[in-house]
Asks: 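Here it is: the structure, laid out below.
Keep in mind the model is a prediction, meaning the values are calculated, not measured.
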4 protein chains.
Amino acid sequence: MSENVASFPVADSPSAHDNEQPKTQDVGGVAGQRLASFIERIERLEEEKAALMEDIKEVYAEAKGVGFDVKTMRKLISLRKMDTEKRREADELLELYKAAVGLA
Amino acid sequence: MSENVASFPVADSPSAHDNEQPKTQDVGGVAGQRLASFIERIERLEEEKAALMEDIKEVYAEAKGVGFDVKTMRKLISLRKMDTEKRREADELLELYKAAVGLA
Amino acid sequence: MSENVASFPVADSPSAHDNEQPKTQDVGGVAGQRLASFIERIERLEEEKAALMEDIKEVYAEAKGVGFDVKTMRKLISLRKMDTEKRREADELLELYKAAVGLA
Amino acid sequence: MSENVASFPVADSPSAHDNEQPKTQDVGGVAGQRLASFIERIERLEEEKAALMEDIKEVYAEAKGVGFDVKTMRKLISLRKMDTEKRREADELLELYKAAVGLA
DNA sequence: ACCGTGGTTAGCTTTC
DNA sequence: GAAAGCTAACCACGGT
């Protein structure tokens, strides 16, 4: 039933009691600036991420260049990752058992 | 000429009984070490990527904390990204034209 | 670069060699009927899937009702699934090695 | 598929010698069997679900094969689903009203 | 009772 | 063009 309605919901600030309207379009007032700031931060991080992904591709390419099989490498890495995750989950399961059984 | 680098200097098969190997897995020798190095580099980069993704999630969380709608933000960013890509493609097209016409 | 354009692209039939174009715009024509048929099939399958998911939830609920910890159960099942997948992937990796090394 | 059914991994102590009967603690006993049964039922249902998902993919593939745009189809179906849910919710609301007013 | 969290599912990208 | 891996949206659960 409940449906969020507001896509730009927020007052211009958490504790918005500063009455001076910035003149410059209050859609895009303090809240707008804050939003812009968040957006920028995220986009910056996304850029870094993209760069990293690029780097990864390059490493694969380099490996391929000296004769390794990329697909195999990927599989290997995936397997290693699964190991890691599985161990982590197994640990969690153990904790869960302990909790379920009343051993804090 | 059988060049073991150009093909795949693979470890002997899983069913091997090569257990008592000296420290530095000489299965595959130099190539094996090289492979290990690639793997490590990739896994390191993947870790960084994961950390970045974590950061991004945190920024979204912070934005949410002050009242912004995350889903909307995502859409916004995605839209901006599309714009960027579109422009980039347009630029590429322009370069192509220039090249085709002899303008370096 | 390439971007698909047509959202309702299709000719009115796979083996469309019947040249007589129906003149009357095929939106809702043979192709439309065919599309409707696909949609129905998918929606039917989705329904069955939803029913199955419901069943699963019920089993969990029943288990919970007799005292088992649902979260633990989920983890357990997830772990078992990981085992299965990991084995499958390990096999694939082996095949990959063999192929990379030239062993059909 | 899965063979080790009685796998009830952790629970009883790591070095549990199964010679001694389970005393009061029912690890691996009746409760264990019951748990195994639940697990099996769920895994069976999950398998069916996976099969269904496979079927759905195949229908999409078939549709694509005769020229329909899968992405568009997905959107369409999603839209229809939203409609359905909306109507269902509206009906529920109506029921609620009726109940509130004393109309069974 | 709501929010936050984690897990699941679906969609998209990229690879082969 | 198909298959897979990755990412993002969704949903149900438990905590506060």
Asks: Within the distance-only criterion (no hydrogens, no angle test), does the side chain of D:T72 pair as donor or acceptor with the backbone N or O of D:F68 below 3.5 angstrom?
Replies: no
Asks: How long is the line joining CD1 of A:I42 and C1' of F:dA8, in whole Å?
Replies: 13 Å
Asks: Taking C-beta and beyond as the side chain, do C:R41 and D:E62 meet within less than 4.5 Å on heavy atoms?
Replies: yes
Asks: In whole Å, I'd like the distance from the CG atom of C:L96 to the P atom of F:dA3.
Replies: 17 Å
Asks: When you measure from the side chain of C:S37 to the backbone N and O of C:Q33, does any donor-acceptor pair fall under 3.5 Å?
Replies: no
Asks: Grab the CZ-P distance between D:F68 and F:dG1 for me, whole Å please.
Replies: 15 Å
Asks: Select from C:E46 and A:V70 the residue whose nearest nucleotide in DNA chain E is closer to the 5' end of that strand.
Replies: C:E46
Asks: For the pair made of CG in B:L52 and P in F:dA8, what is the distance, rounded to whole Å?
Replies: 12 Å
Asks: Between the protein and nucleotides 1-8 of chain E, which nitrogen or oxygen pairs come in under 3.5 angstrom?
Replies:
from, atom 1, to, atom 2, distance (Å)
E:dG7, OP1, C:K75, NZ, 2.9

Asks: Rounded to the nearest Å, what distance is computed from the NZ atom of residue D:K81 to the C1' atom of nucleotide E:dA10?
Replies: 10 Å
Asks: Find the distance C:L93:CG to F:dG5:P and express it as a whole number of Å.
Replies: 12 Å
Asks: Does the distance from a Lys or Arg side-chain N to an Asp or Glu carboxylate O, for C:R88 and C:E92, drop under 4.0 Å?
Replies: yes
Asks: With heavy-atom distances below 4.5 Å as the criterion, would you say the side chains of C:I77 and C:R74 are in contact?
Replies: no
Asks: side-chain contact (heavy atoms from CB on, under 4.5 Å) between A:E48 and B:D55: does it pass, once the steps are laid out?
Replies: CA-CA 11 Å; A:E48 290 180 41; B:D55 291 348; over 6 Å; no
Asks: Could you state the atom-to-atom distance from CD1 of D:I77 to C1' of E:dT9 in whole Å?
Replies: 15 Å
Asks: Distance check needed: F:dA2 P versus D:E54 CD, whole Å only.
Replies: 14 Å
